[in-house]
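Remember, it's a predicted structure, so these values are computed and weren't measured experimentally.
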Amino acid sequence: MLGRRDFALGLASGALVGAGGAAMAQGTAWPDHPPRWVVGYPPGGPSDTFARLIASFMSPRLGFNMVVENRPGGGAVLASETVARSTPDGYTLLHADNGNLVYNPALYARLPYDPDKDLTGVGFIGRFPLFLVVRPDSPVKTLADYIAASKQRVPTYGSPAVASPHHLAMEMLKRRAGFDATHVPYRGGPAAMQDLLSGMIESVLIDCATGIPFLREGKARGILVLSEARSAQAPDVPTTGELGIPDAIAFGWQAMSAPAATPPAVITRLNTELNAAVAAPEMQARMAGLGIESTPWTPTQFNSFVAAENAQWRPLIRELGIRLDS
């Protein structure tokens, strides 16, 4: 299985998968009409935003405008089921993330799709480092301060949602660093950050795309980043490894998946175009400015990464007793 070190190596040395000629599906040149990319979240959020940006880069190379279709509902279960049950011809694709590929089987007693059997990876978009942040005027300046304060009074922390990567990362951090904090879920990261600034909560576990602007403008202070290396966009924030918790690594991430029986030639073509879109200078500049890390994985590498994520996060979710269907 692909480990964290493999990801770091991929960032340095990964190469785009070369196009091997026109892909063929059922004897017809693919594509011969617009593909659709199903997103399990409302318009305007990070998933929708990146799907639309990447689709705009892929469309000219595919020769057809890729249609981004929002099907929000139930932790992206509706979108995932839609794609899993679609014809496996490369024309219906899933915007994939930690939730619909990794977490959902542990969060729901029954699902109308099986991500391990019904879906397969196309390629990787990027991973979003996660930060624990406080207000700039907080007396808490370090993780040691945070832990010491928690012994006197349990602090509150916000996250974008129950069972989000942010929520689960903080619960993992609490266990491995030995402190307590009370979760306050929000409808999105910006809402949590606004309540942090207004003093309604004491800390937030936030992703780089939402949190970096606050850190850059001095509106929040980073206590730590749950990553192997410091972020170039927040170089003063120490990693969990530097703070003596090397096994507390967590990210949000986004990717593209397809129905499991999609022809390999179509998967290869999609992987090539997805990697080319993410590697476009405009996309790289935007992602780098928000601290998002990308690497041009092959479908096999991405599927191995998901298997490693499953092994780490599903047991933790079950141990924590977090459910979305109770």
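Other residues, nucleotides and ligands contribute at most 12 non-hydrogen atoms within 6.0 Å of the NZ atom of Lys219. Counted within 6.0 Å of CZ on Arg286, heavy atoms from surrounding residues, nucleotides or ligands total 12 or fewer; the atom is thus considered open.
Between Pro42 and Pro72, the shortest heavy-atom contact is N-CB, 3.8 Å. The heavy-atom pair separating Ser203 from Leu132 by the smallest distance is CB-CD1, 4.0 Å. The minimum heavy-atom distance linking Asp325 with Leu107 is given by the pair OD1-O, 3.6 Å. Closest of all the heavy-atom pairs between Gly121 and Pro299 is O-CB, 3.3 Å.
Taking CD1 from Ile317 and CG from Leu168, the interatomic distance works out to 5.0 Å, rounded to the nearest 0.5 Å. Distance OG1/Thr142 to CD1/Ile147: 8.5 Å, rounded to 0.5 Å. Interatomic distance, CG of Leu78 versus CZ of Arg71, reported as 6.0 Å (0.5 Å rounding).
The aromatic rings of Trp37 and His95 lie tilted to each other, with the angle between the two planes from 30° to 60°. Ring geometry for Tyr91 versus Trp30: interplanar angle of 30 to 60°, hence tilted.
Salt bridge Arg269/Glu273: present, at least one basic N to carboxylate O contact under 4.0 Å. Using a 4.0 Å cut-off between a side-chain N of Lys or Arg and a carboxylate O of Asp or Glu, Asp116 and Arg314 qualify as a salt bridge. No salt bridge links Glu202 with Arg221; every basic N to acidic carboxylate O contact stays at or beyond 4.0 Å.
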Decide side chain to side chain donor-acceptor pair (under 3.5 Å) for Asn303 and Thr120; before the verdict, give the C-alpha distance in whole Å, the side-chain angles of both, and the deciding distance to 0.1 Å. CA-CA 7 Å; Asn303 285 336; Thr120 191; 3.2 Å; yes
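Residues satisfying the ring pair (Phe, Tyr, Trp, His ring centres under 6.0 Å) test with Tyr41, not counting sequence neighbours, are none.
Between Phe251 and Ser227 the shortest side-chain heavy-atom distance falls below 4.5 Å. Side-chain contact between Met256 and Leu94 is absent, with no heavy-atom pair separated by less than 4.5 Å. Residues Asp48 and Asn70 form a side-chain contact, since some pair of their non-hydrogen atoms from C-beta on lies under 4.5 Å apart. In this structure the side chain of His166 reaches within 4.5 angstrom of the side chain of Pro160, judged on heavy atoms.
For the residue pair Gln301/Ser304, the side-chain donor-acceptor check at 3.5 Å is not satisfied.
Hydrophobic clustering keeps Phe131 apart from Leu290 (ILVMFWY residues linked when any side-chain heavy atoms are closer than 4.5 Å, directly or through intermediates). Residues Ile125 and Ile212 fall into different hydrophobic clusters, defined by Ile, Leu, Val, Met, Phe, Trp and Tyr side chains chained together at heavy-atom separations under 4.5 Å.
Annotation: Tyr157 is in aromatic contact with His183 [ring centroid separation under 6.0 Å]. For Phe128 and Trp253, the ring centers are positioned 6.0 Å apart or more.
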